[in-house]
Amino acid sequence: MQQEIIDWYETNGRNLPWRQPGFTPWGALVSEFMLQQTPVARVIPRLEEWLERWPTPAALAAAPAGDAVRAWANLGYPRRALWLHACAVTIVRDYSGNVPNDVDALLALPGVGSYTARAVAVFAFGAHEPVVDTNIRRVIARHTLGQAEPGPPREKADMEAMRELLPEPTISPTFNIGVMELGALVCTARNPQCEACPIRATCAWRTAGYPEYEGAVKARQKKYEGSDRQVRGAILAVLRDAPSAVHRSAIDDAWPDAAGRGRALEGLLQDGLVVLEESDIFGLPS
DNA sequence: TATGCGTGGAC
DNA sequence: TGTCCAAGCAT
């Protein structure tokens, strides 16, 4: 199935910015951060702005962290902006401003986990490593395991399952990205396009007649409306949109409920996304 | 290992 | 509508 996926990808893969020739390892790192839980379509414009403004780790490291949080805009999970800034600082200090190509070195960077470390090593540097993301887990669950959904992540087992599928090192990066792309475009969570799938002939899930998933039910997503997360977002939006630090009263206006507002502000201060500049004056980090 | 962490589009 | 989902990570 390896060659079928590679052939399918060569024809059907999207021309995304991070797949263009000459895209830098720094661009790869930035794009992977932005793509953590944020859809491709929303990432693309922010990524292009970001790389124009900060084309190297050194450029970002020289800017205040708060500028990174502002440029992150509405991508969500703004701690990623803070972590990415911290990555830039570390890369300048420890790696002469060059994104490391080694999985362990990448893993040591803040906000870089198993997926992102291998994605950068493979996509930017051509490493022969398994990349495991939610798309790949779903493809393996269906094609190899014959079940509708992957179970809860088992990092070691998931990685071994993908490692066993890897073809020879010269083409394994293309295979990695091909499986991801297949999961993103064809073997999707909802309404998979099985008729268009290049590996349908060997798909265990198809052979079994598309049985429903029998495993443990996923924890239901908590309601966002009225949650602390929403309050955090509302407070941070005020700070992002303000040219400089704001008085507490501006934050009070961002959310009516004082208790939730207090929890959210405390959390933001704890995370370093907001700093107390002086009494009752709050700003983004410098 | 389960949970918290943003935001917005699709159905 | 509400619910699910989107190239995860840290704790």
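Here is the naming used below: chain letters follow the sequence lines, and residue numbers restart at 1 for every chain.
At a cut-off of 3.5 angstrom, the base of C/dC9 holds no donor-acceptor pair with the side chain of A/Q37. A donor and an acceptor atom sit less than 3.5 Å apart, one in the side chain of A/R42 and one in the base of B/dT7. One cannot find a donor-acceptor pair under 3.5 Å joining the base of B/dG4 and the side-chain atoms of A/R229. For A/T38 against B/dG6, a side-chain N or O and a base N or O form a donor-acceptor pair under 3.5 Å.
Within 4.0 Å of A/R220, counting heavy atoms only, lie sugar-phosphate atoms of the nucleic acid but no base atom. In this structure, A/R19 reaches the bases: a heavy-atom distance under 4.0 Å links it to at least one base atom across the strands shown. Using a 4.0 Å heavy-atom criterion, one finds that A/P152 contacts no nucleic acid atom at all. Heavy atoms of A/L107 sit nowhere under 4.0 angstrom from any nucleic acid atom. Within the 4.0 angstrom heavy-atom criterion, no nucleotide atom of any strand lies near A/V43. Among the atoms of the strands shown, none is found under 4.0 Å from any heavy atom of A/T188. Within the nucleic acid shown, A/A189 comes within 4.0 Å of sugar-phosphate atoms alone, with no base atom in reach, counting heavy atoms only. As judged by a 4.0 angstrom heavy-atom cut-off over every strand, A/I136 is placed among residues making no nucleic acid contact.
Here A/R14 pairs with A/E181 in a salt bridge; the nearest charged N to carboxylate O distance falls below 4.0 Å. Using a 4.0 Å cut-off between charged side-chain N and carboxylate O, A/R263 and A/E266 make no salt bridge. Taking a cutoff of 4.0 Å between a charged side-chain nitrogen and a carboxylate oxygen, A/D271 and A/R232 qualify as a salt bridge.
Of the two residues near DNA chain C, A/G113 and A/P39, the one whose nearest nucleotide lies more 5' is A/P39. Residue whose closest nucleotide on DNA chain B sits further toward the 5' end, between A/P153 and A/G233: A/P153. Summary of the strand contacts: A/A219 and A/P78 both lie near DNA chain B, and taking for each the nucleotide with the nearest heavy atom, the more 5' one is attributed to A/A219.
Distances shown here put a side-chain N or O of A/Y224 below 4.0 Å from the OP1 or OP2 atom of B/dT7. Distances shown here put every side-chain N or O of A/K223 at or beyond 4.0 Å from the OP1 or OP2 atom of C/dG2. Between A/R137 and C/dA6, a side-chain N or O to OP1/OP2 separation shorter than 4.0 Å is absent.
Comparing C/dG8, C/dA7, B/dC5 by their closest approach to the side chain of A/T116 singles out C/dG8. Checking B/dC5, C/dC5, C/dA7 against the side-chain heavy atoms of A/R232 singles out B/dC5 as nearest. When the nucleotides B/dT7, C/dC5, B/dC5 are ranked by their closest atom to the side chain of A/K218, C/dC5 comes out on top. Counting only heavy atoms from C-beta on, A/T134 has its side chain closest to C/dG8 among C/dC5, C/dG8, B/dG6.
Separating the CG atom of A/D133 from the P atom of C/dA7 is a distance of 7 Å, rounded to the nearest angstrom. Here C/dA6 presents its P atom at 15 Å from CZ of A/R80, a figure rounded to the nearest Å. The OH atom of A/Y9 sits 12 Å away from the C1' atom of C/dA7 (whole-angstrom rounding). Rounded to whole Å, atom P of B/dC5 lies 18 Å from atom CH2 of A/W72. At whole-Å resolution of the value, CG in A/N74 and P in B/dG8 are 5 Å apart. Going from atom CD of A/E225 over to atom P of C/dT3 covers 12 Å, rounded to whole Å. Between the CZ atom of A/R190 and the P atom of C/dA6 there is a distance of 7 Å, given to the nearest Å. As a whole-Å value, the separation of A/F33 CZ from B/dG6 P is 15 Å.
One P atom belongs to C/dC4, the other to B/dT3, and the distance between them is 15 Å to the nearest Å. Spacing of P atoms, C/dA7 relative to B/dG4, comes out at 23 Å, to the nearest Å. Rounded to a whole angstrom, the distance from the P atom of B/dG8 to that of C/dC9 is 23 Å.
A/P198 places a side-chain heavy atom less than 4.5 Å from the side chain of A/L182.
Not a single donor-acceptor pair under 3.5 Å links the side chain of A/W255 to the backbone N or O of A/I235.
A/W18 has its ring centre no less than 6.0 Å from the ring centre of A/F123.
Across all non-hydrogen atoms, the minimal contact from A/L239 to A/V274 is CD1-CG2, 3.4 Å.
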